A.B. asks: 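Quick one: structure below, then a few questions.
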Amino acid sequence: MVVNIVLVLNQVAVSLILARRIFALYRDSRIIIIGTLGFGASLVSVTCWALSGQQPIIFAMIPKSWKSFSHPSPPRNSGIRLAATWEAQALFDAFIFVLTVMRTVKICREHNMAINLPGMGLLDILLRDGAIYFAIMGLANLANILAFYFARPPLRTMFTTPASCISVTLCSRLVLNLYEAATPDTTTSNTSFELMTTCVLTVRTEPGTSTGD
């Protein structure tokens, strides 16, 4: 139970970061903020329902061919309810991705801009990273959900921790990419400063303008 709560808290933190990116992309539109927070709150309520009323965890035995050892696994009914938490996460990821695509396409049309996914523009990074995050997390969530529904007890929770780790890692990559795109190139700035300093010194030391005259 404690492990499930920690995993859910990790996913909530990731969802808040993704939501903040959307708020910035829509310039803190009240409609988007209220809609996103309302949709997220409804999914959190589903998650709370899924975590409540859990049956005691059983310790299933891995087959002997896999070196038998005790492995905690929820009963099938509890596993199906736990799958709802990851289904909620998948829905929120899809919601965020759709909003990202809609806003990016609208901005590009308004300014007659072309979307260049390999590019380093801010919109290009937002759309590219959002697509990568949605694709990878979609596969991870799908594997996790299918395991809860159809896997045997020893393997029912095998994708839970990896899916959470992948989500946190990808979200960190999103933040770092945005930071790199928004931070000026220090090398370029230093070069410009050196050129400006050289020009100023050259002007001051022209013939006939020396400080000794």
Side-chain angles (χ1 to χ4, degrees), residues 1-22 32-102 129-175:
M1 183 65 177
V2 175
V3 175
N4 291 329
I5 293 176
V6 171
L7 292 175
V8 169
L9 291 178
N10 287 338
Q11 296 306 112
V12 170
V14 170
S15 298
L16 289 176
I17 295 175
L18 296 177
R20 190 65 192 92
R21 292 172 74 250
I22 288 297
I32 295 299
I33 292 176
I34 294 174
T36 302
L37 293 180
F39 184 65
S42 64
L43 295 179
V44 169
S45 63
V46 172
T47 301
C48 293
W49 167 83
L51 292 178
S52 63
Q54 288 290 314
Q55 299 179 13
I57 292 178
I58 59 176
F59 284 84
M61 298 298 295
I62 301 293
K64 291 183 178 181
S65 58
W66 293 13
K67 297 182 180 180
S68 298
F69 63 92
S70 297
H71 183 76
S73 179
R76 178 173 175 78
N77 292 337
S78 296
I80 293 176
R81 293 186 64 159
L82 287 176
T85 63
W86 297 96
E87 291 168 354
Q89 179 66 38
L91 286 176
F92 190 81
D93 291 343
F95 176 77
I96 293 296
F97 181 66
V98 170
L99 288 180
T100 302
V101 172
M102 290 174 56
D129 289 356
I132 293 174
Y133 177 89
F134 179 71
I136 296 177
M137 282 309 304
L139 293 176
N141 285 329
L142 179 62
N144 198 17
I145 292 169
L146 292 178
F148 276 117
Y149 277 100
F150 303 109
R152 299 172 61 184
L155 307 177
R156 195 163 287 157
T157 58
M158 64 181 299
F159 293 114
T160 300
T161 301
S164 181
C165 293
I166 291 173
S167 177
V168 173
T169 302
L170 290 177
C171 186
S172 300
R173 189 68 254 177
L174 295 180
V175 175

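Sequence positions, counted from 1, serve as the residue numbers for this chain. Keep in mind it's a predicted model, so treat the numbers as computed, not measured.
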A.B. asks: Verify, without hydrogens or angle tests, whether R81 (side chain) and W49 (backbone) share a donor-acceptor contact under 3.5 angstrom.
C.D. replies: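 Side chain of R81 to backbone of W49, a donor-acceptor pair under 3.5 Å: yes, one is there.
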A.B. asks: To the closest 0.5 Å, what do you measure between CG (L18) and CG (L174)?
C.D. replies: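 L18 atom CG to L174 atom CG measures 6.5 Å (nearest 0.5 Å).
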A.B. asks: Looking at F134 and A94, what are the two nearest heavy atoms and their distance?
C.D. replies: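 Smallest heavy-atom distance, with atoms named: CE1-CA, 3.4 Å.
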A.B. asks: Taking atom CG of N144 and atom CG of L7, what is their separation to the nearest 0.5 Å?
C.D. replies: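 Separation between the atoms: 9.0 Å.
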A.B. asks: If only atom types and distance count, is the side chain of S167 paired as donor or acceptor with the main-chain N or O of A163 below 3.5 Å?
C.D. replies: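 Not at all, since once roles are kept as given, no pair shorter than 3.5 Å links the two residues.
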A.B. asks: I'd like to know if the side chain of T85 reaches the main chain of L82, judged simply by a donor and an acceptor atom lying under 3.5 Å from each other, with no hydrogens or angles considered.
C.D. replies: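 Yes, the answer is positive, given that a donor and an acceptor are paired below the 3.5 Å cut-off.
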A.B. asks: Okay, side chain of T47, backbone of L43: is any donor-acceptor separation there less than 3.5 Å?
C.D. replies: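 Yes; at least one donor-acceptor contact below 3.5 Å.
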A.B. asks: Start with the C-alpha distance between C165 and T161, add both sets of side-chain angles, then the distance that settles side chain to side chain contact (heavy atoms under 4.5 Å, CB included), and finish with yes or no.
C.D. replies: CA-CA 6 Å; C165 293; T161 301; 4.0 Å; yes
A.B. asks: If you define the side chain from C-beta out and look only at heavy atoms, does anything of V98 sit under 4.5 Å from M102?
C.D. replies: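 When only atoms from C-beta onward are counted, M102 and V98 do touch, with a gap below 4.5 Å.
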A.B. asks: Using a 4.5 Å cut-off on heavy atoms from C-beta on, say whether the side chain of W86 contacts that of L142.
C.D. replies: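 They are not in side-chain contact.
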A.B. asks: Testing the basics here: between Q89 and S15, what is the closest heavy-atom pair and its distance to 0.1 Å?
C.D. replies: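 In this case the closest contact between Q89 and S15 is OE1-OG, 3.4 Å.
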A.B. asks: Let's go through F97 and D93 carefully: what are the C-alpha distance in whole Å and the side-chain angles of both, what is the deciding distance for side chain to side chain contact (heavy atoms under 4.5 Å, CB included) to 0.1 Å, and is it a yes or a no?
C.D. replies: CA-CA 6 Å; F97 181 66; D93 291 343; over 6 Å; no
A.B. asks: Using only atom types and a distance under 3.5 Å, with no angle test, would you say the side chain of N141 pairs donor to acceptor with the backbone of M137?
C.D. replies: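 Between the backbone of M137 and the side chain of N141 there is a qualifying donor-acceptor contact (under 3.5 Å).
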A.B. asks: Work out which heavy atom in I22 is nearest to a heavy atom in T100; give both atom names and the distance.
C.D. replies: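 The pair with the smallest heavy-atom distance is CD1-OG1, 3.1 Å.
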A.B. asks: As an exercise, state the distance from CD1 of I132 to CG of L170, rounded to the nearest 0.5 Å.
C.D. replies: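 One finds 8.5 Å between CD1 of I132 and CG of L170.
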A.B. asks: Measure up the F39 and F95 rings against each other and bin them: parallel (under 30°), tilted (30 to 60°), perpendicular (over 60°).
C.D. replies: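 Tilted.
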A.B. asks: Distance check, rounded to the nearest 0.5 Å: I166 atom CD1 versus C171 atom SG?
C.D. replies: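 Spacing of CD1 (I166) from SG (C171) equals 14.0 Å.
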A.B. asks: Tell me, do F92 and S42 make a side-chain contact under 4.5 Å, heavy atoms counted?
C.D. replies: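 Contact flag for F92/S42 side chains = no.
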A.B. asks: Checking side chain to side chain contact (heavy atoms under 4.5 Å, CB included) between V14 and each of V168, L9, T169, which is the one that passes?
C.D. replies: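 Exactly one candidate clears the test, V168.
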A.B. asks: Out of curiosity, R20 CZ to L16 CG, how far, rounded to the nearest 0.5 Å?
C.D. replies: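 Rounded to the nearest 0.5 Å, the CZ-CG separation comes to 11.0 Å.
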A.B. asks: Would you say I145 and E87 make side-chain contact, with heavy atoms under 4.5 Å?
C.D. replies: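 Touching, per the 4.5 Å side-chain cut-off.
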A.B. asks: So T160 and F148, side chain to side chain contact (heavy atoms under 4.5 Å, CB included) or not? Walk me through it.
C.D. replies: CA-CA 9 Å; T160 300; F148 276 117; 3.4 Å; yes
